[in-house]
Each structure stands twice: as C-alpha cells, then as structure tokens.
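Please read the structure below before turning to the comments.
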Amino acid sequence: MPIVILILIALILFLLFFHIRIVPQASVYIVERLGKYHATWNAGFHVLIPIIDHVVKKISLKEQVLDFPPQPVITKDNVTMQIDSVVFGKVFNPHDYTYGVENPIAGIQNLAATTLRNIIGEMELDTTLTSRDEINSRMQGILDEATDPWGLKVTRVEIKNIQPPREIEEVMTKQMRAERERRQTILEAQAHKEAVVSRAEGDKQAKILAAEAEKEARIALAEGEAQSIRLTYEAEAAGIRMLNESGISDPVLKLRGIEALKDVADGRATKIFIPSDIADTISAIGAAGEALGIGDYTKIDRSEKPEAPLPKDACIDKDTGKGGVEASKTTEGIERDLENRDSAASSHRSDSSHTPRPLRQTAAK
C-alpha cells in the first residue's frame, strides 16, 4: 500500500513538472480548456492543468518584417514590371490573431499583392517610378484597415525595388542621356552668355574709369594752370613790390628803359614809340638815317621771329605753360636788376669810398 501511494505521488509530480510553462518576454500563449478559449498567458510562470488545459498558439508581440516575393503589376499605360515590397507589422490582439483568420501571413501577402496591383494600375510608368512615398502610404492605410479584424497592426510598407522591362530600361537610358545632353547644352549656353555679359560689363567699367581718369587729369591740369597763373601774378606783384621797396634811382630806370627799347627794336619792328625823355638823347641825324635808309641803318628783318629761349630754370621745360614761362622770366629780370643794382652800388663804393651816402642821395634826386 505505501508503495502504491508513493508511485501515485511521483506520477503526479512528473505530470505537474511537464505541465509547468514559463512564458518569455514579448510573447503570449493562447490556452484552451476542454477545447474552448480559456486565457491569454503573458510573460511569467504558469501551470497547465494536465489533460484539461492545452496551449494552442504561441504568439510573438514583436514587430515582424514580412518580405514578400516580387509581384508582377501592370501600369496604366500597359507596362508590365516587377515590384518587390516589404510589410512591417505586429500583433496587438492575440485572441483575434488566433481566431480571426486561418493563416494571417498568407492573408497579408495576398492582400498586399492585390492592393499593389490596384494602386499601380491607376498610375503611369513615370509616375510609378517617382511616387514611391505615395504608394507606400496608400498601401499602409489599406492594409492596416483590412487587418484590424485579424488583430494585426501594419506599421509600415516599403517598396524595395521596381524593375521595368529591359526594353523600357533601354528607352529610359536613351531619354536620360538626351536629357543630360540638353542640360549640358543649356549650361554651356548660359556660361557663354554670362562670359559675354561679364566681358561687356568689364569693358564698360574700363571705359568709365578711363573717362573718369581723363576728367580728373583735365581738372588737375586746369587747376595747375590756374595755380600757375595765380603764382605768376603774385610773382609780378611781389617783383613790383620789391622794386618799390628797393628805391631804384632814375638813372637805373632809364637804363632799363634803354635795354627794353633795344629788345623792342630787334630789327623786326616797323614802328617804334620812344618815350620823350629817351628821344632827347637820340641824335636827329641817326634817327633820320635809320628812317630813310641812309648810312649805317639797321635793315628791317621780316622773317619769322625765333622763339625766345627758355629761362634758366630747372622747373621750366618745353611743356611748361605760357604763364609759367612768363613768371620765370619776370623772376629772372628782377634778379638781374637786383644784381645790376648791387654791382652799381659796389662800384660807387669803390670809387667814392669816403662819401657813399651823398652820391646815393644825388642819384636818388
């Protein structure tokens, strides 16, 4: 009797050991009791009653990647091509996933193929190749709505590859090459246009700068000439002021007048006006001989008068204006007058070293 009891206890423990279930994380077990849905076991420790309870399905709650083979589709413009798609989804209701559909994966595959054919059939080839985002969003919406009764949630749909026929690929390659050549031609034309415009703009700017430079040069020359004229008159005024301040005597002035008369009567003048005080000193006979051409008279030279030599000034050259030359001549004449006056004064001092002041006063008178 005790042996039978021990055997029964061991048998019960053996059966309990083999009916202990540990559900892993992110998984659920669907349990039926006597052929009916009993419970959904989540992650953790569970005990299955022998013979009465039975685990009918183990479901993963992780997001699943359903990669289906390429599907042949026909576009609106009657082009047949292969499209490969991927569906991402997860189980949100294990009960509906177990009892809502016989084979959920096969159902999603067939539903994805038919949905893809319907969407592509409304598009042309070019639109299909450039509208992947639109195809993905439309397929996700349709599949998610259709799989709700199955306990599935379609989270994302992606088009992996679109493979048009070889003939279409060749045509597309030629079209792409022609488009690239067209773009290249347009870019070269635009570059040539920009180069021509830039060159014209550069020529325009160069001419504007040249005109401005010429204008500034003319202004500078005009200002220089105006400055030269102003300095000439200032020099003449200063020379006159220096002559007035130097106290030149009448004999010196008469000597300068005779020298000026000599320059005037250089053999080219036909009429000469002589001041009265100088005319008294000229002999009537000499004047008559010159007027009548008798004796040793000076023959009138009617050839072109040579240009006067430039003053001995380092700042004067052949390009110097008339005002500058006249100013230099005036300055040179003033310096020469001062030198003559100094030499005359020194000769007076040497001849009459005892009485220089009375002689100076007599000359002044």
Side-chain angles (χ1 to χ4, degrees), residues 25-30 37 40 56-187:
Q25 184 67 34
S27 297
V28 294
Y29 288 178
I30 300 298
Y37 171 76
T40 300
V56 296
K57 199 173 188 65
K58 298 178 181 180
I59 302 173
S60 174
L61 299 179
K62 298 178 182 179
E63 186 172 4
Q64 302 178 29
V65 181
L66 307 176
D67 189 2
F68 302 132
Q71 300 294 325
V73 295
I74 301 175
T75 61
K76 186 177 180 180
D77 49 356
N78 297 323
V79 177
T80 303
M81 56 186 177
Q82 300 286 331
I83 297 182
D84 189 6
S85 62
V86 180
V87 178
F88 298 83
K90 63 181 180 179
V91 177
F92 71 92
N93 191 333
H95 178 272
D96 294 342
Y97 183 76
T98 303
Y99 300 102
V101 64
E102 181 65 28
N103 192 342
I105 303 300
I108 293 178
Q109 179 179 356
N110 293 324
L111 183 61
T114 56
T115 303
L116 185 61
R117 288 190 180 97
N118 292 334
I119 294 174
I120 299 300
E122 299 175 356
M123 298 181 178
E124 296 182 353
L125 175 62
D126 295 338
T127 307
T128 302
L129 296 175
T130 58
S131 303
R132 292 196 177 194
D133 292 338
E134 181 182 354
I135 297 172
N136 295 337
S137 61
R138 290 181 63 182
M139 284 188 64
Q140 178 184 353
I142 295 172
L143 293 177
D144 187 27
E145 183 179 357
T147 56
D148 281 343
W150 301 349
L152 283 172
K153 173 68 176 177
V154 177
T155 58
R156 190 171 183 179
V157 177
E158 290 291 339
I159 300 298
K160 287 177 58 177
N161 187 24
I162 299 177
Q163 186 67 35
R166 185 175 300 275
E167 297 81 6
I168 301 298
E169 287 185 353
E170 293 178 356
V171 173
M172 293 172 61
T173 302
K174 293 180 181 179
Q175 182 180 1
M176 179 186 64
R177 187 180 297 110
E179 179 66 20
R180 292 185 180 277
E181 291 177 355
R182 183 183 68 86
R183 292 180 181 178
Q184 179 183 1
T185 304
I186 292 175
L187 290 177

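Worth saying up front: this structure is predicted, and the values here are computed from it rather than measured.
- Listed here is the closest heavy atom pair of Trp150 and Ile108: CZ3-N, 3.9 Å.
- Every side chain to side chain contact (heavy atoms under 4.5 Å, CB included) that Thr127 has, sequence neighbours left out, goes to Met123, Glu124, Ser131.
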Quick one: side chains of residues 70-84, donor-acceptor pairs under 3.5 Å with protein atoms, not counting sequence neighbours, listed by atom name and distance.
{"unit_1": "Gln71", "atom_1": "OE1", "unit_2": "Arg117", "atom_2": "NH2", "d": "3.4"}
{"unit_1": "Gln71", "atom_1": "NE2", "unit_2": "Pro69", "atom_2": "O", "d": "3.2"}
{"unit_1": "Thr75", "atom_1": "OG1", "unit_2": "Asp77", "atom_2": "OD1", "d": "2.4"}
{"unit_1": "Thr75", "atom_1": "OG1", "unit_2": "Val79", "atom_2": "N", "d": "3.1"}
{"unit_1": "Thr75", "atom_1": "OG1", "unit_2": "Val79", "atom_2": "O", "d": "3.3"}
{"unit_1": "Asp77", "atom_1": "OD1", "unit_2": "Leu125", "atom_2": "N", "d": "3.4"}
{"unit_1": "Asp77", "atom_1": "OD2", "unit_2": "Leu125", "atom_2": "N", "d": "3.3"}

Leu152/Leu143 under side chain to side chain contact (heavy atoms under 4.5 Å, CB included): CA gap, chis, key distance, verdict:
CA-CA 10 Å; Leu152 283 172; Leu143 293 177; over 6 Å; no
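- A search for salt bridge (charged side-chain N to carboxylate O under 4.0 Å, His left out) contacts involving Arg132 returns nothing, not counting sequence neighbours.
- With sequence neighbours excluded, no residue forms a salt bridge (charged side-chain N to carboxylate O under 4.0 Å, His left out) with Glu134.
- In this structure, the side chain to side chain contact (heavy atoms under 4.5 Å, CB included) partners of Asp96, at least two apart in sequence or on a different chain, are Asn93.
- In terms of the side chain to side chain contact (heavy atoms under 4.5 Å, CB included) criterion, residue partners of Ile186 (sequence neighbours excluded) are, by chain and number, Arg182, Gln190.
- Applying the salt bridge (charged side-chain N to carboxylate O under 4.0 Å, His left out) rule to pairs touching residues 59-72 yields Asp67-Lys160, sequence neighbours excluded.
- Atom CD in Gln175 sits 12.0 Å away from atom CZ in Arg180 (nearest 0.5 Å).
- Sequence neighbours left out, not one pair with a member in residues 59-92 passes ring pair (Phe, Tyr, Trp, His ring centres under 6.0 Å).
- Judged as a salt bridge (charged side-chain N to carboxylate O under 4.0 Å, His left out), and not counting sequence neighbours, the contacts of Asp144 are Lys153.
- When the side chain to side chain contact (heavy atoms under 4.5 Å, CB included) test is applied to Asp133, the partners found at least two apart in sequence or on another chain are Asn136.
- Atom NZ of Lys90 has 12 or fewer heavy atoms from other residues, nucleotides or ligands within 6.0 Å.
- Contact between Gln140 and Thr155 at its shortest, heavy atoms only, is NE2-O, 2.8 Å.
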Pair Val157-Ile135, side chain to side chain contact (heavy atoms under 4.5 Å, CB included): steps then yes or no:
CA-CA 9 Å; Val157 177; Ile135 297 172; over 6 Å; no
Pair up each side-chain donor or acceptor in residues 161-174 with any protein partner under 3.5 Å, not counting sequence neighbours, and list the distances.
{"unit_1": "Gln163", "atom_1": "NE2", "unit_2": "Glu169", "atom_2": "OE2", "d": "2.6"}
{"unit_1": "Thr173", "atom_1": "OG1", "unit_2": "Glu169", "atom_2": "O", "d": "2.7"}

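- Counting non-hydrogen atoms of other residues, nucleotides and ligands closer than 6.0 Å to CD of Glu179 gives a total above 12.
- When all heavy atoms of Pro94 and Leu61 are compared, the pair lying nearest together is CG-CD2, 4.3 Å.
- A distance of 4.0 Å separates CD1 of Ile30 from OG1 of Thr98, quoted to the nearest 0.5 Å.
- With sequence neighbours left out, Glu122 forms a salt bridge (charged side-chain N to carboxylate O under 4.0 Å, His left out) with Arg138.
- Atom CD1 of residue Ile119 and atom OG1 of residue Thr114 lie 9.5 Å apart, to the nearest 0.5 angstrom.
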